[in-house]
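Below, read A as the first sequence line, B as the second, and so on, with proteins coming before strands; counting in each chain starts at 1.
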2 protein chains.
Amino acid sequence: MARKRFDDSSCSVARALNEVGDWWSLLVVLHAMYGTRRFVDFQQELGIARNILCDRLARLVDNEVLKKVDVGEHGSRFEYRLTEKGRDLFPIVIALRQWGDKWNPAPDQTPLDLRDRETGRTIRQVEVQDADGHPLTVRDVFVPEGNSASEHKASESKKKAG
Amino acid sequence: MARKRFDDSSCSVARALNEVGDWWSLLVVLHAMYGTRRFVDFQQELGIARNILCDRLARLVDNEVLKKVDVGEHGSRFEYRLTEKGRDLFPIVIALRQWGDKWNPAPDQTPLDLRDRETGRTIRQVEVQDADGHPLTVRDVFVPEGNSASEHKASESKKKAG
DNA sequence: TAATAGGGTTGCATTTTAAAACCAGATTCA
DNA sequence: TGAATCTGGTTTTAAAATGCAACCCTATTA
């Protein structure tokens, strides 16, 4: 049967994954962040099937992660550019990259060394922080009672949790 | 044909997505962070097909995101618990949730209000930061020349980029 | 002894995916 | 003028992945 979709899920993670949670979409967004804008470039860099790329680009445009711009250069030529919504995926993509570098390092590759354009210094590890900027783990947080997002037992209120 | 896998991709984002980049895996991890540990609970909370859940749990265990523990309670009973590698997905899950809340808010739902267990204060937005903790956008960073991760034109060196 | 719970596996129909071939408008080349 | 090329797709076909339901086995409870 068809893959399940989460358009109307009450869970915002599910709704997010519905837009960028498949095998290709985040890689398309990643390459868009690297500067790729054209169909053929995405296709060659990603090695993705053309029909799948069509589908993903259209879906990302539908979801306003990308916008399709006719730049009218050399005949029919379009560019796919990140919207603000798309650029807002930056922390997610970087966190994924750091996680991959940490837990599945490629033997023949130094991890990505991303630097601040102004100072030239290496960026921080992406982390969840408290109001003061101190790092928090999953065990350091809770969902206050009454928050509708806690419907599916978000807080660790079960006997075995903790 | 088969879906493409990225096990040996030189891109750490692709390798990360290979482990948790499908429709269900990150939702399983999310619920594990909420405290879910047992097969039937995952199945009921997620509404996932049992064979698919089997496959995903096994894959996550293979990839050491979860570990399977025989707690020998009430006969055959196992628990799936997050490993350190799995807990390390916390920033990614939270960033996804914040992105979903921001760009696809559910009309009938207040966004997740996650709080610091110690102070009770709301957590920060997950962001990419420079060495001093100041937020950075995708336009504020670059990949230094010579970094092997820049092979696929990570730095914006093309004529049209910028 | 039967019913039930936990944790799966198996079969089968439906979708998705990948690969390659094909298509159509615009442009450059000869 | 006409052929080749570039760009951005659509179509076709076969292999996987998915969802659903039914089945299986162990252990516990009624």
Rounded to whole Å, how long is the line connecting atom CG of B:L46 with atom C1' of D:dG19?
14 Å
Atom-pair distance (CD on A:Q43; P on C:dA21), nearest Å
14 Å
Just the rounded figure in Å: distance from C1' of D:dA17 to CZ of B:R59.
10 Å
Any Lys/Arg nitrogen of A:D130 or B:R115 sitting under 4.0 Å from an Asp/Glu carboxylate oxygen of the other?
no
Euclidean distance, atom CZ of residue B:F6 to atom C1' of C:dA18 [Å, nearest integer]
12 Å
In chain order, what residues pass the side chain to side chain contact (heavy atoms under 4.5 Å, CB included) check against A:A14, with sequence neighbours excluded?
A:F6, A:S9, A:C11, B:L27
Whole-Å gap separating P (D:dT11) and CD1 (A:I52)
14 Å
List for me each residue that meets side chain to side chain donor-acceptor pair (under 3.5 Å) alongside B:W103, sequence neighbours excluded, and say none if there are none.
A:D88
Just checking A:R5: base, sugar-phosphate only, or nothing, at a heavy-atom cut-off of under 4.0 Å?
nothing
Counting only side-chain nitrogens and oxygens, does B:Y80 get under 4.0 Å of the OP1 or OP2 atom of C:dG6?
no
Please name all residues satisfying side chain to side chain contact (heavy atoms under 4.5 Å, CB included) with A:A58, sequence neighbours left out, ordered by chain then number.
none
Side-chain ion pair, B:K67 and B:E84, N-O less than 4.0 Å:
no
Strictly by salt bridge (charged side-chain N to carboxylate O under 4.0 Å, His left out), give each pair with a member in residues 120-129 of chain B just once, sequence neighbours left out.
A:D132-B:R121
Each nucleotide N or O in nucleotides 20-22 of chain D that has a protein N or O under 3.5 Å away: list the pair and distance.
| from | atom 1 | to | atom 2 | distance (Å) |
| --- | --- | --- | --- | --- |
| D:dC20 | N4 | B:N51 | ND2 | 2.7 |

Can you tell which of D:dT18, C:dG6, D:dG8 lies closest to the side chain of A:R38?
D:dG8
Could you verify whether a donor N or O on one side chain and an acceptor N or O on the other, from A:T36 and A:D41, lie under 3.5 Å apart?
no
Any side-chain N or O of A:K68 below 4.0 angstrom from OP1/OP2 of D:dT7?
no
CZ of B:F39 versus C1' of C:dA5: gap in Å, rounded?
13 Å
Rounded distance in Å - CD (B:Q44) to C1' (C:dG7):
13 Å
Does anything in residues 14-26 of chain B reach DNA chain C, meaning a heavy atom under 4.0 Å, and if so which residues?
none
Below the 4.0 Å mark, does D:dT7 have OP1 or OP2 next to a side-chain nitrogen or oxygen of A:R77?
yes
Honestly, is B:K68 close enough over B:F78, meaning NZ or CZ under 6.0 Å from the six-membered ring centre and within 45° of the axis?
yes
Could you check which of D:dG8, C:dT15, C:dT17 has an atom nearest any side-chain atom of A:A2?
C:dT15
Non-hydrogen atoms of A:E64 and A:T83 that approach each other most closely:
O-OG1, 2.6 Å
